[in-house]
Visitor: 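The following block contains the structure, expressed as structure tokens.
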Amino acid sequence: MAYEYISVASEDGVGIITLNRPKILNALNLQLIDELVDQLEQMDRDPDIRVIILTGNARAFAAGADINEMVEASAIDIMKRNQFAVWDRISLISKPIIGAVSGFVLGGGCELMMNCDIVIASETAVIGQPEIKLGVMPGAGGTQRLTRVVGERKALEMLLTGEPISAKEALKYGLVNRVVPVEAYYQEALKLAKQIAQQPPLAVQVIKKSVYKAGDLALQEGMDYERNSFYLLLASEDRKEGMQAFLEKRKPRFMGH
Ligand code: CAA
């Protein structure tokens, strides 16, 4: 697939996807999301990529779904498009996705950010779900993922006013992991991605999956899931390498099997 609205690069085991519709603040049209998910899935299959960065530009990560595509469409048109089914595939990506966000992170942009596993935000980021101001509501997880992260009260305040919060406030509510000056947010995300890319890839992916099970399962079921995942990793070559390297006082070389 030739891409029009994203650009793609890689560096030291890190795949980098940049949303690239700057004139309209990276508004998420259907084609952009198709391209993004196609590339995420390719990177997930690529053994040379261990971590993925998803970013935009300093002015906007993304200002939401493309309103031009919705304005004339009927409810039935939009239902038939089933446009959110492609979004659901993002949560099946097994490698960690690090969001590097700045500027406008609104509506579908906030929902996309919440699909990232770790988020580094610039101090200039403004994050929110303004859909109510358009007479609608979020459709790609904005009432569900936001509530799970920030809690019902903060989610209700954000969703019912439509007003964005600052990066600093988002940090207080655990919606982002770190806030850094705008000049540094991308480099900070890249540094973190490279650090995680050095870890044993199977353990990284199994830990990611286990953490999300914590939100879905009752505690004892989650504990069982964790234990079985732990046993699974004991069968990997990388755990032999990790433990042997520790005993030999050298740096491990993890190969992903
Ligand atoms: N869709 C389409 N175009 C958009 C857009 C969007 N979501 N957001 C911004 N743009 C366009 C503007 O129309 C403008 O285009 P022109 O230059 O051709 O006029 C360009 O981007 C620059 O935007 P502004 O001139 O408005 O820039 P600003 O700095 O004055 O304001 C903003 C920035 C506050 C983000 C404002 O653009 C805005 O409010 N955008 C809409 C945000 C929004 O409501 N997002 C939710 C969309 S619905 C959704 O996401 C549903 C879902 O759950 C999936």
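Whatever order the structure lists ligands and atoms in, that order sets their numbers, starting from 1. Computed from heavy atoms alone, side chains included, the values below leave out hydrogens, waters and symmetry copies. All residue numbers in this chain count up from 1 along the given sequence.
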Visitor: If you measure from each heavy atom of Lys23 to ligand 1, is any distance below 4.0 Å?
Guide: yes
Visitor: Examine ligand 1 and decide if any of its atoms is less than 4.0 Å from a heavy atom belonging to Met70.
Guide: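 Yes.
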Visitor: Indicate whether atom 40 (N) of ligand 1 is within a distance of less than 4.0 angstrom of some protein heavy atom.
Guide: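 So atom 40 (N) of ligand 1 lacks protein heavy-atom neighbours under 4.0 Å.
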Visitor: Are any of the protein's heavy atoms under 4.0 angstrom from atom 36 (C) of ligand 1, yes or no?
Guide: no
Visitor: Is there a side-chain contact between Phe104 and Asn26, using heavy atoms and a 4.5 Å cut-off?
Guide: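 No, side chains not in contact.
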Visitor: I want to know if ligand 1 touches Ala63 in the polar sense, i.e. an N/O pair below 3.5 angstrom.
Guide: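 Looking only at distances, the answer is yes, because the N/O contact criterion of under 3.5 Å is met.
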Visitor: Mind checking whether Trp87 has an N or O less than 3.5 Å away from an N or O of ligand 1?
Guide: no
Visitor: With respect to Ile93, which candidate in Asn115, Asp117, Asp44, Val37 satisfies the side chain to side chain contact (heavy atoms under 4.5 Å, CB included) definition?
Guide: Asp44
Visitor: Look at ligand 1 and say whether Arg59 reaches it with a heavy atom at a distance under 4.0 Å.
Guide: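 For ligand 1, residue contact (heavy atoms, under 4.0 Å) with Arg59 is present.
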Visitor: Does the residue Gly139 have a heavy-atom contact with ligand 1, meaning some pair of atoms that are separated by less than 4.0 Å?
Guide: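 Flag set, Gly139 near ligand 1.
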Visitor: Gly108 versus ligand 1: do any nitrogen or oxygen atoms come within less than 3.5 Å of each other?
Guide: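 Between Gly108 and ligand 1, an N or O pair is found under 3.5 Å apart.
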Visitor: Quick check: does Met137 get an N/O under 3.5 Å from an N/O on ligand 1?
Guide: no
Visitor: Does ligand 1 come near enough to Ile67 that some N or O of the ligand is less than 3.5 Å from an N or O of the residue?
Guide: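 N/O-N/O distance below 3.5 Å exists for this pair.
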Visitor: Given the protein's heavy atoms, is any one of them under 4.0 Å from atom 53 (O) of ligand 1?
Guide: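 Yes, because at least one protein heavy atom sits under 4.0 Å from atom 53 (O) of ligand 1.
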Visitor: Within 4.0 Å of atom 11 (C) of ligand 1 (strictly less), any protein heavy atom?
Guide: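 Yes.
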Visitor: Among all protein heavy atoms in this structure, tell me which lies nearest to atom 14 (C) of ligand 1, with the distance rounded to 0.1 Å.
Guide: Ile24 CG2, 4.6 Å
Visitor: If the cut-off is 4.0 Å to any non-hydrogen atom of Pro130, which atoms of ligand 1 fall inside it?
Guide: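 By the 4.0 Å cutoff, the relevant atoms are 43 (C), 44 (O), 45 (N), 46 (C).
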Visitor: Would you mind telling me if ligand 1 is within reach of the side chain of Leu134, the backbone, both or neither, using heavy atoms under 4.0 Å?
Guide: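 The side chain, only.
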Visitor: Is the closest protein non-hydrogen atom to atom 48 (S) of ligand 1 under 4.0 Å?
Guide: yes
Visitor: Taking only heavy atoms of Asn68 into account, list the atoms of ligand 1 that are under 4.0 Å away from them.
Guide: 2 (C)
Visitor: Output yes when a protein non-hydrogen atom is found under 4.0 Å of atom 16 (P) of ligand 1, and no otherwise.
Guide: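 It does not; no protein heavy atom is within 4.0 Å.
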Visitor: Heavy-atom distance from atom 7 (N) of ligand 1 to the protein below 4.0 Å?
Guide: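 For atom 7 (N) of ligand 1 the answer is yes, since some protein heavy atom falls inside 4.0 Å.
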Visitor: Determine if the distance from atom 25 (O) of ligand 1 to the closest protein heavy atom is below 4.0 Å.
Guide: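 No, there is none.
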Visitor: Using 4.0 Å as the upper bound for N to carboxylate O, is an ion pair formed by Lys213 and Glu221?
Guide: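 Answer for the salt bridge query: no.
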